[in-house]
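Contents: one structure, followed by commentary.
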Amino acid sequence: MHVLCFGGDFVEVNGTLIWYYNICKREVWLMSRNIVPDQHNENIDLGKFLHENSFSRKKKEISFGSVKFDVILDTKDKLVIGETKKSSKYEAASKWQMMFYLKTLKDAGINAEGVMLYPEEKRRDEVLLDDTSIQTLNNMILDINSIIEKEEPPKAEKCKYCKNCGYLEYCYA
Ligand code: SF4
């Protein structure tokens, strides 16, 4: 578990923060401060994130903490966990979130592989954890910690995700 304390509150670096880190670092800071984005606009990233992460699941699931996955394949040699997504628009963020869960499983002594499923695009991408991705994840966790520790959020920088972001007004009003 990667826990950071600020102002007496504890923030756990979890899959959600890894997801946001790969969308916008300013969002990481805002989420860590419980600054609630505009959730009324159904096009916002958070709405999509919540929807995609509660997308209908098959019966066979694995769960740890608050996270649940479809089990695609579970043999003596191999566990493959899957996530179904509506679209690949956030594929890098989703891949690193999956990597984070694979690493969490690995830390618990369970070797697993991941697969991202995009049924509407007829796509299936394998996600494999290796030493390089573990190192990248460790660097992300360190960077998330340093973002959260700061008194001020990173400056708003226009990016392709801004137009669907719940913090749009907060950042640019
Ligand atoms: S509006 Fe843009 S800069 Fe502001 S938090 Fe959202 S993605 Fe980041």
Side-chain angles (χ1 to χ4, degrees), residues 2 4 6-7 9-57 65-70 81-104 114-129 132-133 135-173:
H2 314 278
L4 180 73
F6 72 91
D9 292 329
F10 288 96
V11 174
E12 183 184 345
V13 176
N14 55 22
T16 307
L17 284 179
I18 293 284
W19 194 87
Y20 279 107
Y21 180 84
N22 285 281
I23 298 289
C24 168
K25 295 175 177 54
R26 182 174 165 87
E27 272 191 280
V28 169
W29 190 94
L30 296 170
M31 293 296 292
S32 76
R33 295 302 196 275
N34 293 321
I35 297 172
V36 180
D38 171 12
Q39 296 179 48
H40 299 297
N41 178 354
E42 63 180 20
N43 291 320
I44 66 169
D45 291 341
L46 180 69
K48 279 191 164 55
F49 175 80
L50 293 174
H51 172 72
E52 288 182 3
N53 282 274
S54 59
F55 200 68
S56 68
R57 301 188 180 283
S66 57
V67 181
K68 286 187 178 161
F69 287 104
D70 297 333
I81 57 175
E83 274 271 66
T84 307
K85 299 288 186 188
K86 291 280 282 180
S87 93
S88 56
K89 185 177 169 195
Y90 303 95
E91 77 175 289
S94 299
K95 183 192 89 171
W96 283 110
Q97 186 189 30
M98 170 70 87
M99 288 279 196
F100 179 82
Y101 294 136
L102 292 176
K103 180 178 173 307
T104 305
V115 60
M116 305 299 307
L117 302 165
Y118 304 103
E120 289 178 24
E121 299 172 16
K122 296 186 168 47
R123 248 180 83 183
R124 177 192 164 100
D125 294 348
E126 287 186 351
V127 182
L128 303 176
L129 189 71
T132 307
S133 48
Q135 189 54 50
T136 304
L137 274 171
N138 286 338
N139 291 338
M140 281 183 197
I141 290 163
L142 285 175
D143 202 25
I144 288 171
N145 282 343
S146 76
I147 291 168
I148 293 173
E149 274 174 341
K150 293 207 165 63
E151 292 292 318
E152 301 285 331
K155 271 176 43 185
E157 284 178 22
K158 277 249 156 68
C159 71
K160 64 179 179 179
Y161 300 110
C162 288
K163 69 179 190 313
N164 292 329
C165 177
Y167 294 114
L168 189 63
E169 278 192 31
Y170 183 90
C171 290
Y172 300 110

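Just so you know, these numbers use all the heavy atoms, side chains as well, and skip hydrogens, waters and symmetry mates. The residues of the chain are indexed from 1 along the displayed sequence.
Remark: side-chain polar atoms of Trp96 are not paired, donor with acceptor, to backbone N or O of Asn22 under 3.5 angstrom. Counting only distance, with no hydrogens or angles, the side chain of Glu121 and the backbone of Ser88 share a donor-acceptor pair below 3.5 Å. Arg26 places no side-chain N or O within donor-acceptor distance of the main-chain N or O of Lys155, the cut-off being under 3.5 Å. Proximity of a side-chain donor or acceptor of Asp143 to a complementary backbone N or O of Ser146 within less than 3.5 Å is not detected.
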- Task: Carefully, step by step, assess Ile81 and Met98 under the rule side-chain contact (heavy atoms from CB on, under 4.5 Å).
- Result: CA-CA 9 Å; Ile81 57 175; Met98 170 70 87; 3.9 Å; yes
Do Tyr21 and Val13 pass the side-chain contact (heavy atoms from CB on, under 4.5 Å) test, and can you show the C-alpha distance, the side-chain angles, and the key distance before you say yes or no? CA-CA 10 Å; Tyr21 180 84; Val13 176; over 6 Å; no
(Q) Glu83 vs Val127, test: side-chain contact (heavy atoms from CB on, under 4.5 Å). Steps then yes/no. (A) CA-CA 11 Å; Glu83 274 271 66; Val127 182; over 6 Å; no
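For Ala92, the side-chain contact (heavy atoms from CB on, under 4.5 Å) test picks out no residue, with sequence neighbours left out. Here Glu151 pairs with nothing under the side-chain hydrogen bond (donor to acceptor under 3.5 Å, both in side chains) rule; sequence neighbours left out. Residues meeting the side-chain hydrogen bond (donor to acceptor under 3.5 Å, both in side chains) test with Tyr167, sequence neighbours left out: none. For Leu168, the side-chain contact (heavy atoms from CB on, under 4.5 Å) partners are Cys162, Tyr172, not counting sequence neighbours. With sequence neighbours excluded, no residue forms a side-chain hydrogen bond (donor to acceptor under 3.5 Å, both in side chains) with Glu169. By the salt bridge (charged side-chain N to carboxylate O under 4.0 Å, His left out) test, Asp125 is found to be paired with Arg123, residues two or more places apart in sequence or in another chain being considered.
Atom CE in Met116 sits 11.0 Å away from atom NZ in Lys95 (nearest 0.5 Å). Note that CG of Leu30 and SG of Cys171 are 6.0 Å apart. Values are rounded to the nearest 0.5 Å. Of the inter-residue distances, the one linking Leu17 atom CG with Met140 atom CE reads 12.5 Å to the nearest 0.5 angstrom. Within the model, atoms OH of Tyr118 and CD of Glu91 stand 5.0 Å from one another, a figure rounded to the nearest 0.5 Å. Here the CD-CD1 distance, from Glu152 to Ile147, works out to 14.0 Å after rounding to the nearest 0.5 Å. Taken from OG1 in Thr136 to CD1 in Ile141, the straight-line distance is 11.0 Å, to the nearest 0.5 Å.
A tilted orientation is assigned to the rings of Trp19 and Tyr90, their planes being inclined by 30° to 60°.
Of all heavy-atom pairs spanning Ile18 and Phe100, the tightest one is CG1-CD1, 3.7 Å. Smallest separation of non-hydrogen atoms from Leu128 and Met99: O-CE, 3.2 Å. The shortest heavy-atom contact between Val28 and Tyr20 is CG2-C, 3.7 Å. Heavy-atom minimum distance, Gln97 versus Thr16: NE2-N, 4.2 Å.
The side-chain heavy atoms of Ile148 and Arg33, taken from C-beta on, include a pair separated by under 4.5 Å.
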